[in-house]
Amino acid sequence: SIFAPYRSSSKYFGPVFKLRRSSDGDTQDFYSDGSGNLYTTISGTTTTVTSWLSSLSLTAYVVTWYDQSGAGRNATQSTTGNQPKLNVGGRFVDFKTSAYLNLPYTVLPTGDLPYSFVTQFRSINNNIGGVFGVGGQAANMCICLRRGGTQLTSYWYSNDYTYGTY
């Protein structure tokens, strides 16, 4: 799966996000041009996300972050209170507080098959929290990359391995 707040490939023509407007709950798919600007169509000549919000004082919440690999493994959140915010000016998704997106089971391989993921996070406003996780809350059933203080931790539910600082 490929998730980016912009169109990551010139071969991808689908939407990047389905956003929910804070003022009325209306949802809309948004497409990205080559510069990362978001529009209601791929042509880049229609309504911008800023115009759709009416002003930057309104908030856009991410309902769906579309998988740009073409596999259709989209990240979703139907519970409005858990939807992350799209920072329109900074062009990033803000996962503060209890916000998260659900990924389909097929995003990561099962067993001992290798996989990779790349993530970037900006300011950390608290001391602990997951950056990426999969599984359930039982011993050795959840793997998560999380932050704890100034360190990153590979968390295998009750069996932590700490590495690096940020």
Side-chain angles (χ1 to χ4, degrees), residues 1-109 115-135 142-147 152 155 164 166:
S1 299
I2 300 172
F3 300 98
Y6 51 84
R7 196 169 87 187
S8 63
S9 168
S10 61
K11 296 179 182 179
Y12 179 73
F13 296 101
V16 175
F17 295 113
K18 178 183 290 291
L19 300 176
R20 179 179 59 83
R21 188 168 44 204
S22 62
S23 61
D24 59 3
D26 187 35
T27 60
Q28 175 69 50
D29 279 343
F30 282 89
Y31 301 75
S32 177
D33 64 9
S35 301
N37 300 305
L38 296 174
Y39 298 92
T40 55
T41 65
I42 191 66
S43 69
T45 59
T46 55
T47 305
T48 66
V49 68
T50 305
S51 296
W52 181 70
L53 290 172
S54 302
S55 73
L56 286 178
S57 64
L58 292 179
T59 303
Y61 292 94
V62 178
V63 176
T64 303
W65 195 343
Y66 291 101
D67 172 14
Q68 295 184 44
S69 73
R73 296 180 292 229
N74 304 320
T76 62
Q77 181 53 265
S78 59
T79 303
T80 58
N82 293 334
Q83 292 170 345
K85 296 177 186 178
L86 177 68
N87 183 306
V88 177
R91 296 184 182 160
F92 64 90
V93 178
D94 187 346
F95 287 93
K96 289 181 183 173
T97 63
S98 61
Y100 64 93
L101 293 170
N102 296 301
L103 295 170
Y105 181 73
T106 56
V107 169
L108 295 177
Y115 61 90
S116 299
F117 68 90
V118 178
T119 186
Q120 175 186 6
F121 53 90
R122 297 182 187 212
S123 65
I124 306 291
N125 294 326
N126 58 16
N127 290 329
I128 193 165
V131 176
F132 181 87
V134 63
C142 172
I143 189 163
C144 177
L145 173 64
R146 70 178 187 178
R147 60 190 189 275
L152 293 175
Y155 179 73
Y166 55 86

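In this structure, K85 places its NZ atom where only 12 or fewer heavy-atom neighbours from other residues, nucleotides or ligands lie under 6.0 Å away.
Inspection of the Q83 and R20 side chains reveals an N or O donor paired with an N or O acceptor under 3.5 Å. Between T76 and N74, the side chains place no donor N or O within less than 3.5 Å of an acceptor N or O (distance only, hydrogens not considered).
Going from atom OH of Y39 over to atom OG of S51 covers 9.5 Å, rounded to the nearest 0.5 Å. To the nearest 0.5 Å, atom OG1 of residue T64 and atom CZ of residue F30 are 13.0 Å apart. In this structure, L38 CG and L86 CG are separated by 6.5 Å, a value rounded to the nearest 0.5 Å. One finds the CG atom of L58 at 8.5 Å from the CG atom of D24 (value rounded to the nearest 0.5 Å). A distance of 11.5 Å separates CG in L19 from OG1 in T59, rounded to the nearest 0.5 Å.
When all heavy atoms of V49 and V88 are compared, the pair lying nearest together is CG1-CG1, 3.6 Å. Across all non-hydrogen atoms, the minimal contact from A4 to V16 is O-CG1, 3.2 Å. Nearest approach of I2 to D67, heavy atoms of both residues: N-OD1, 2.9 Å. In terms of heavy-atom proximity, Y6 sits nearest to G36 at CB-CA, 3.8 Å. Pairing each heavy atom of D33 with each of R7, the nearest pair is O-CB, 4.3 Å. For the residue pair S1 and S69, the shortest heavy atom distance occurs at CA-OG, 3.9 Å.
A donor-acceptor pair under 3.5 Å links the side-chain atoms of T46 to the main chain of T41, judged by distance alone. Looking at Q68, its side chain does come within 3.5 Å of a backbone N or O of S8 through a donor-acceptor pair. Side chain of T79 to backbone of G81: no donor-acceptor contact under 3.5 angstrom is found. The closest donor-acceptor contact from the side chain of S35 to the backbone of N37 lies at 3.5 Å or more, if one exists at all. Distance alone, capped at 3.5 Å, places no donor-acceptor pair between the Q28 side chain and the W52 backbone.
Remark: P5 pairs with F17, W65 by the side chain to side chain contact (heavy atoms under 4.5 Å, CB included) rule, at least two apart or across chains.
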> Could you go step by step and tell me if Y12 and Y66 meet the side chain to side chain contact (heavy atoms under 4.5 Å, CB included) rule?
Replying inline: CA-CA 11 Å; Y12 179 73; Y66 291 101; 3.7 Å; yes
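Proximity of Y100 to Q77: side-chain heavy atoms (C-beta onward) are separated by under 4.5 Å at one or more points. P84 places a side-chain heavy atom less than 4.5 Å from the side chain of L101.
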